[in-house]
Amino acid sequence: MSNEGIIYRVAGPVVTAIGISPRMYDVVQVGDEKLMGEVIKIEGDRTIIQVYENTSGVKPGEPVVNTGRPLAVELGPGLLHSVYDGIQRPLKVLNEKMGDFILRGVTAPGLDREKKWDFEPVVKEGDIVSPGQVIGTVMEGTMLHKIMVPPTLSGKVEKINKGSFTVEETVAVIDGTDVIMMQRWPVRTPRPVAEKYQPEVPLQTGLRVLDTMFPLAKGGAAAIPGGFGTGKTVTQQSLAKWSDAQIVVYIGCGERGNEMTEVLTEFPELEDPRSGNPLMNRTVLIANTSNMPVAAREASVYTGMTIAEYYRDMGYHVALMADSTSRWAEAMREISSRLEEMPGEEGYPAYLAGRLSEFYERACIAKSLCGEDGSISVIGAVSPPGGDISEPVSQNTLRIVRVFWALDTKLRERRHFPTINWLTSYTLYDKQLREWYAKNVNEEFPSLREWAMQTLQKESELQEIVQLVGSDALSEDKKLILEVSKMIREVFLQQNAYHPVDTFCPLDRQYQMLRLIKKFSDLADKALIAGASIDKIVAIPARQRFIRAKFEETIDEELAAVDKDFDVQFKELGA
């Protein structure tokens with residue numbers, strides 16, 4: 001088996017080599033500058049390699065060296081608060097070495113080799129340990145980082161050390177094997193778990209339109225398709241900040257440089273509402289901008305997913321944001337065309353759906369090998385050209401994920417944020433989560449949600465009549481439906497991400513707000529029957545107080561007061 005060969009042909013990021021005998025997905029060093037690449041196809045004596053860096057100036061005849069290892073990431077203390085590129089090179093370290101522009105062939109380890117971590121053992125010499133079992137802990141900022149037995153190792157603990165160590169120093173000896181705090185794991189191979197569960201607990205986000213109308217279960221997958229400027233990035237940042245996930249992995253996959261710059265400058269400034277510390281203390285950022293080589297873009301989502309799986313294995317709940325999977329698919333399309341493969345729809349490779357499935361199926365809630373329950377919830381942004389979700393990436397994503405948050409350009413034009421369209425979005429977790437909501441929020445909550453959705457649907461049907469003949473042609477009860485729907489849209493679904501009170505809404509408050517809208521609707525029905533006009537009903541002071549309440553610091557007291565005001569003021573109208 002030969003580990004050294006030469007370049008035969010260069011076509012952009014795709015290089016053909018001869019003289020080596022690698023396995024699929026082995027990492028190779030290409031050219032005199034030792035550019036990093038990965039084997040993606042083997043044809044007889046020819047090896048096709050996708051190079052993760054710019055190949056300008058690389059020519060046939062230059063050497064190619066096979067490392068014999070697949071593309072892997074380093075997992076251990078020091079991942080949190082880091083900013084990596086698509087192949088886990090720490091951008092801060094590279095910036096210190098060479099400034100703002102990364103030179104070709106330059107690399108740096110994913111984890112700091114100099115920093116020492118205080119290792120506290122939780123097993124003792126003579127104990128028998130199994131794969132994935134926790135043998136000690138390290139404080140990684142404010143997070144407890146669990147040092148686990150590698151998934152391929154088990155046996156008797158012959159030696160265990162306590163003290164300060166680097167990630168490469170031995171902390172234990174198990175069955176004759178030295179164990180360090182760092183693990184290497186191939187990015188394309190899912191990490192093993194003991195058992196997977198059906199998702200039955202919602203990922204709480206604090207966004208009313210998501211938590212109440214279209215909830216995502218912990219361990220589930222959601223897609224956010226939307227055109228330019230509809231708020232995909234702001235929504236994902238709100239989810240990163242406010243969701244009840246303990247770890248956030250944010251993958252900027254092929255985004256424009258200025259957008260990624262915003263993320264890199266804003267994320268460190270965000271405050272974790274739970275601890276008051278910077279949100280970056282529990283975040284891993286992967287920055288892979290559109291001007292970086294396409295091959296590294298293709299690898300970035302696997303890098304992020306493997307890091308997320310590592311924290312899931314410790315028993316943490318992880319939220320993974322991929323922004324955007326469309327750019328990832330475009331990278332696949334470009335590499336596929338260089339390989340001269342048969343194109344599928346719109347030039348995408350025929351295996352597009354398979355690759356998307358592989359990625360989203362790694363989202364799960366599971367019992368890890370160490371016996372802890374952890375989860376990965378994936379929120380994938382999709383950027384369809386022109387906002388047209390009939391294109392292949394959006395359609396294939398919708399076949400896989402169970403939650404669809406449709407961002408709407410028209411809602412953006414009306415300044416309605418979040419711009420999630422309540423008529424085209426959906427969730428397939430509503431039945432699974434129904435029992436949890438009834439038990440942990442209120443028994444009425446699931447039925448209130450159904451009532452709100454039905455009311456919005458009726459409004460949509462009535463709007464067609466209004467556009468033809470005007471609202472004056474409607475009966476009083478139909479006008480009431482329009483007014484109640486307006487309250488659901490403008491008071492409940494609309495939410496200001498930049499307002500200190502309105503930016504986050506806990507589930508019990510969401511229930512109270514929706515219950516009050518339903519109460520207004522029921523009492524207004526009775527008032528109409530008693531002879532009150534729709535104008536008088538809409539003009540009651542309690543309704544105006546309710547509309548303003550969501551911006552008040554004493555919002556919960558305000559809602560309780562509105563509840564009493566509704567009883568008094570509707571009584572005066574005969575309800």
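Throughout, residue positions are numbered sequentially from 1 according to the sequence presented.
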Taking the side chain as every heavy atom from C-beta outward, state whether [X] and [Y] have any atom pair closer than 4.5 Å.
X	Y	value
Val201	Ile365	no
Thr325	Cys253	no
Trp422	Met213	no
Lys162	Pro121	yes
Phe445	Thr212	yes
Val134	Met314	no
Pro385	Glu391	yes
Val441	Trp436	yes

Query raised in the report: Hey, are Glu358 and Arg188 close enough for a salt bridge, meaning a charged N less than 4.0 Å from a carboxylate O?
Result: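 Not counted as a salt bridge, because no side-chain N and carboxylate O are separated by less than 4.0 Å.
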Query raised in the report: Going by an N to O cut-off under 4.0 Å, is there a salt bridge joining Lys196 and Glu361?
Result: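 Between Glu361 and Lys196 there is no salt bridge, as every charged N stays at least 4.0 Å from the carboxylate O atoms.
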Report task. Apply the test side-chain hydrogen bond (donor to acceptor under 3.5 Å, both in side chains) to residues Gln432 and Glu200: give CA-CA distance (whole Å), side-chain angles for both, the deciding distance (0.1 Å), then the verdict. Result -> CA-CA 6 Å; Gln432 285 170 244; Glu200 292 178 343; 5.8 Å; no
Would you check if the side chain of [X] reaches a backbone N or O of [Y] as a donor-acceptor pair within less than 3.5 Å?
X	Y	answer
Arg362	Val378	no
Tyr84	Gly110	yes
Thr303	Ala299	yes
Ser336	Arg333	no
Arg208	Gln494	yes
Asp502	Asn496	yes
Ser377	Gly219	yes
Asp211	Gly206	yes
Glu168	Arg113	no
Ser82	Gly78	yes

About how many Å separate [atom2] of [Y] and [atom1] of [X], when rounded to the nearest 0.5 Å?
X	Y	atom1	atom2	answer
Glu140	His81	CD	NE2	11.0 Å
Thr67	Met36	OG1	CE	7.5 Å
Ile420	Leu407	CD1	CG	6.0 Å
Asn440	Asp508	CG	CG	11.5 Å
Phe119	Ile180	CZ	CD1	12.0 Å
Leu207	Leu493	CG	CG	11.0 Å

For the residue pair [X] and [Y], what are the closest heavy atoms and their distance?
X	Y	value
Ala172	Ile135	CB-CD1, 4.1 Å
Ser326	Pro384	OG-N, 4.2 Å
Trp405	Ile379	CZ3-CG2, 4.0 Å
Tyr437	Pro215	OH-CB, 3.3 Å
Val401	Ala221	CB-O, 3.6 Å
Ala217	Leu433	CB-CD2, 4.1 Å

Report task. Under the side-chain hydrogen bond (donor to acceptor under 3.5 Å, both in side chains) rule, what do Tyr197 and Asp373 come out as? Steps first, then yes or no, please. Result -> CA-CA 9 Å; Tyr197 305 129; Asp373 286 350; 3.3 Å; yes
Query - Glu114 atom CD, over 12 foreign heavy atoms within 6.0 Å - result: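 Atom CD in Glu114 is not packed in, count stays at 12 or less.
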Query - Glu552, CD: over 12 other non-hydrogen atoms inside 6.0 angstrom - result: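 Above 12, so yes.
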Requested in this report: Test side chain to side chain contact (heavy atoms under 4.5 Å, CB included) on Ile376 and Met305 and set out the steps.
Outcome: CA-CA 9 Å; Ile376 301 174; Met305 180 59 81; 4.1 Å; yes
**Report entry** Option from Tyr316, Tyr311, Trp117 for which ring pair (Phe, Tyr, Trp, His ring centres under 6.0 Å) with His145 holds
**Finding:**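 Only match with His145 under ring pair (Phe, Tyr, Trp, His ring centres under 6.0 Å): Tyr311.
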Query raised in the report: Between Thr397 and Tyr360, is a side chain to side chain contact (heavy atoms under 4.5 Å, CB included) present by the stated rule, with each step listed?
Result: CA-CA 9 Å; Thr397 302; Tyr360 282 108; 3.7 Å; yes
Query raised in the report: side chain to side chain contact (heavy atoms under 4.5 Å, CB included) with Ser375: which of Arg312, Gln246, His317?
Result: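 Going through the options one by one, the only one that passes is His317.
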Requested in this report: In sequence, state the C-alpha distance, the side-chain angles, and the governing distance for Phe214 and Val209, and then conclude on side chain to side chain contact (heavy atoms under 4.5 Å, CB included).
Outcome: CA-CA 7 Å; Phe214 311 108; Val209 67; 4.2 Å; yes
Query raised in the report: Under the side chain to side chain contact (heavy atoms under 4.5 Å, CB included) criterion, do Leu216 and Leu210 qualify, and how do the steps go?
Result: CA-CA 8 Å; Leu216 168 65; Leu210 303 187; over 6 Å; no
